[in-house]
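A note on names: the letters A, B, ... follow the listed sequences, proteins ahead of strands, and every chain is numbered from 1.
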Amino acid sequence: MSYDFQATESKWQKIWDDKKTFEVETNSEKPKFYCLEMFPYPSGALHMGHVRNYSMGDMLARFLRKRGMNVLYPMGFDAFGMPAENAAIKYKTKPHDWTWQNIEYMTEQLKRMGYSYDWRRRVESCSPLYYRWNQWLFLQMHRRGLIYRKQAPVNWCEKCGTVLANEQVVSGECWRCGTPVTKKNLEQWFIKITDYAQELLDNIDTELKGWPERVRIMQRNWIGRSEGAKLSFELPELDYTIDAFTTRFDTVYGITFIALAPEHELVHKIISRMPESESRAIIDFVARCSAQSSIERSDAGGEKLGLKTPFFGKHPVTGKPIPIWIANYILMDYGTGAIMGVPAHDQRDFEFARKYDIEIIPVIQPEGEHLDGKTMKVAFVDDGTSCNSGEFDGLPTQKAIEAMIDWGEKNAYCAREVNFRLRDWLISRQRYWGTPIPFVHCPKCGFVPVPEEQLPVLLPEDVEVTDVGRSPLLDIPEWLETTCPVCGSPARREADTMDTFFCSSWYFDRYCSSIAPERYDKGAFDPKDTDYWMPVDQYIGGIEHACLHLIYARFFTMFLSDIGLLKKDLREPFTNLLTQGMVIKDGAKMSKSLGNVVDPTEIVNKYGADTVRLFILFAAPPQNDLDWSEEGVEGASRFLSRVWRFVEDNLDDLKNSPDERVPMASLTETAYRDFKRKIHNTILSVTRDIDVEKQFNTAIARLMELTNALYTFKASDTAARALRREAVDTLLSCLSPFSPHITEELWQMLGHDTLLSITPWPTEDVAALAADSVVVVVQFNGKVRVKMTLPAGLDEAKLKETVMNDPQVKERLSGVEIVKTIVVPDKLVNIVVKG
RNA sequence: GCCGGGGUGGCGGAAUGGUAGACGCAGUGGAUUCAAAAUCCACCGGGGGCAACUCCGUGGGAGUUCGAGUCUCCCCCUCGGCACCA
């Protein structure tokens, strides 16, 4: 009988389901382990990236279960978002219907892969049972002053018809559709994530040791802390004070201009103070800047454009009048939107000054050189020695910065300040398919929160989406029109919805206690459950979330901890993070436009889930990109067939072999002892590869080696047959997290009445690990010349003596002089010779 | 420009400073077969040699070491992140 993977896989999926094998509870004698994958967007069907991600997670979950842990392993759907709206238009359906269909279909696909989720905990973020708690959490943030509305230049994607958070602008383009992002001046909802900037930064070093270094660096850069000082320029003419931030207060004596961002509020004031004939130029210049796209505006190589105003600010230290310019390279959303221009020591300021003929005054001299503002070719931005800086002349840069800031603070020229690159989270979206922001706009009271007891603010489901540019919520008067919770006057609901990253920032807390439906009414989750399960011990997902989801979720955890919903000391949600590489084909990411997409369903139909899972974990280490190859899949399939065939061909003999371990001490024959050693070395290295190294590909390689050894080993007597049985049981048990169905079937065929999926992981027998003999390499001047098989455990002297007496070694030593001999017991002897 | 990965056979990839290329894919030769598929056996970095064997070889160059894919420095290429952040 050859192996029927279809029948076998559905057979065992049903058994696990019937026996509730993978359901877990909050209380257990066993230690807990929370294994989590980033939940998918229900786009319609699983793709290979999902299969790779979840095959890793499931393998770990199954491994740890066998290792005696109480493993929480849940799955759900990140179900709000743009694609549902686009699909609704394209297929003439409703976002709600399309999304739920996809959820059910993808759940079936996941079940066919044999993933061991506790399905009772499934979360769907588009369900009112879930998003009402988004709204509740939003109100909690509002109560604590973390939510505000602000008019500001924000990122706008024309194609999506909505604003975007900073994190969602990737190289100047929309993260979802690639449209170049422009700036629009709009009033929007923000979350004060910057309140947590310092802790988000500090914890990277102290709490995120189990994260890839790459992600830690990306987050550190994203948060972007810089220390410096704020200084102010008085502008008595306009009764105004310009603040500017600098990290180089040691260059204050070199200030020769002030530059404002075109969006700076002072620009408006300046315009209003000038006769119309003169202000025209400024108005035109500002318009010209705002017409530039984000990419153009933020291109360091781009042309620096400026316009001089007739106004001057007073230098805080010298009192000299400094001309005020407006410049396109000043960003409104970093620092104060105004800078002190020091062209001698800042390349951007330098280029600007050269172009507009502004004076350049060097105040730092490099070692052994003398810079002259008239002849400098580039700004000098490195450390040097201060000059033209009053009493600070002669100080090296680092000392000058310290001394001058101290002095500046004492004389009220400046104040120490820390600036972050991280901005507040723009949370509102002008979209329909999302969580309604629970606010009402009252003409009398302004924006008023919806009272908690009125939650959820339901999202109408029976809605036709016809135009991507306009939220249909604006056209449903019976939803939009309401009364003010404060004064009772007619009022309008906020029609903006939340960024979907809000949903994904706490779903892992919900998994901890989403079993009984009635719990939905008690809270977002039950602290009893999160206290037990959180933090997530192993999180697995794509690197693309390094500065998106993985920052937002960290912020949420800190917030939830601060309001007492999570434990006080639970500040970080994910202890260990594994970022898996992409699945590529023919050197490129799988994409419809390239036509190189491989559908997991087709492959599973052809080869079975066990084979696909095994291949996808074997073909590359987890972090690397994985090149899809059907020949590789066939290789994995061949391996499983070899395992199947071995058990089937020897079934009667294996069933009748003694099913207990043969002690190493009782084995005398070399072949037996070697085979026994092979079995236990396999256990040792597979365990280490999975648990410590997270190198699943080499774990599988070890199991292939054991299988090869199994085919070679001759089971001629009782001891050998017992050994062979031991090897088969070990192989199946270690292979079961990778390919759970076929191994479960073989386990049953061998007569076991336990489920292999929850049979304890084998432990290695230390007595079986020690080698009897070793190959000792004899090197001459570091080059391998002779190999000798010798008994293990010879001490240095004995080993050296044995080697020196070897005829081949002796022959090579004739006529040369031994300078030195290095002896590494059980490994090598290196003879350094001359002549 | 700044920061970070990474360069090992035809390919994916292995190697606590100690035999480079585990395991797999592809390939070659053979067995089996009427034939094929499947399976099994052997070979499989390059040069030289009938052979024993020998020389070269982990992007390039230097260095540390008895010994370097692995450590140090310089350079090249490549992928990724950030990028006018004051």
Could you check whether [X] gets within reach of a base, just the sugar-phosphate, or nothing at all, counting any heavy atom under 4.0 Å?
X       : answer
N419(A) : nothing
T246(A) : sugar-phosphate
L626(A) : nothing
D625(A) : sugar-phosphate
R421(A) : base

Subject >> Under 3.5 Å: donor-acceptor pair, side chain of D349(A), backbone of V342(A) >> reply: yes

Scan every strand shown for a Watson-Crick or G-U wobble partner of [N], both distances under 3.5 Å, and answer none if you come up empty.
N      : answer
G67(B) : none
G9(B)  : none
C82(B) : G1(B)
A36(B) : none
A26(B) : none

Sticking with atom [atom1], work out how far [N] lies from [M], rounded to a whole angstrom.
N      : M      : atom1 : result
G60(B) : G10(B) : C1'   : 23 Å
C55(B) : G59(B) : C1'   : 22 Å
G18(B) : U72(B) : P     : 15 Å
C11(B) : G47(B) : P     : 16 Å
C79(B) : G12(B) : P     : 15 Å
C56(B) : G69(B) : P     : 13 Å
C77(B) : G45(B) : P     : 31 Å
G6(B)  : A15(B) : P     : 14 Å

Subject >> Residue of the set M56(A), Q623(A), M38(A) for which side chain to side chain contact (heavy atoms under 4.5 Å, CB included) holds with Q580(A) >> reply: M56(A)

Between the protein and nucleotides 14-20 of chain B, are there any N/O to N/O pairs under 3.5 Å, and if so, what are the atom names and distances?
{"from": "A14(B)", "atom 1": "OP1", "to": "Q695(A)", "atom 2": "NE2", "distance (Å)": "3.3"}
{"from": "A14(B)", "atom 1": "OP1", "to": "N697(A)", "atom 2": "ND2", "distance (Å)": "3.4"}
{"from": "U16(B)", "atom 1": "O4", "to": "K827(A)", "atom 2": "NZ", "distance (Å)": "2.9"}
{"from": "G18(B)", "atom 1": "N2", "to": "Q779(A)", "atom 2": "OE1", "distance (Å)": "3.3"}
{"from": "U19(B)", "atom 1": "O2", "to": "K787(A)", "atom 2": "NZ", "distance (Å)": "2.7"}

Original post:
Is G9(B) in the syn or the anti form, by the rule that syn lies within 90° of 0?
Top reply: syn

When you check the phosphate oxygens OP1 and OP2 of [N], does a side-chain N or O of [X] lie under 4.0 Å from one of them?
X       : N      : result
R645(A) : A38(B) : no
S226(A) : A86(B) : yes
R216(A) : G81(B) : no

Any donor-acceptor N or O pair under 3.5 Å, side chains [X], [Y]:
X       : Y       : value
E402(A) : Q398(A) : no
Y552(A) : E167(A) : yes
N681(A) : R702(A) : no
E634(A) : Y607(A) : yes
K304(A) : N328(A) : no
D424(A) : T194(A) : yes

**OP:** Flag the pair D205(A) and R220(A) as a salt bridge only when some basic side-chain nitrogen lies within less than 4.0 angstrom of an acidic carboxylate oxygen.
**Re:** yes

Subject >> Aromatic centroids of W425(A) and F190(A) separated by under 6.0 Å >> reply: no

What are the atom names and distances for every N/O pair under 3.5 Å that joins the protein to nucleotides 1-3 of chain B?
none

**OP:** Hey, which sits more toward the 5' end of RNA chain B by its nearest nucleotide, G335(A) or R785(A)?
**Re:** R785(A)

**OP:** Would you mind telling me which residue lines up with the more 5' stretch of RNA chain B, S641(A) or V832(A), judged by nearest nucleotide?
**Re:** S641(A)

Original post:
Y711(A) vs F646(A) aromatic rings, parallel, tilted or perpendicular, using cut-offs 30° and 60°?
Top reply: perpendicular

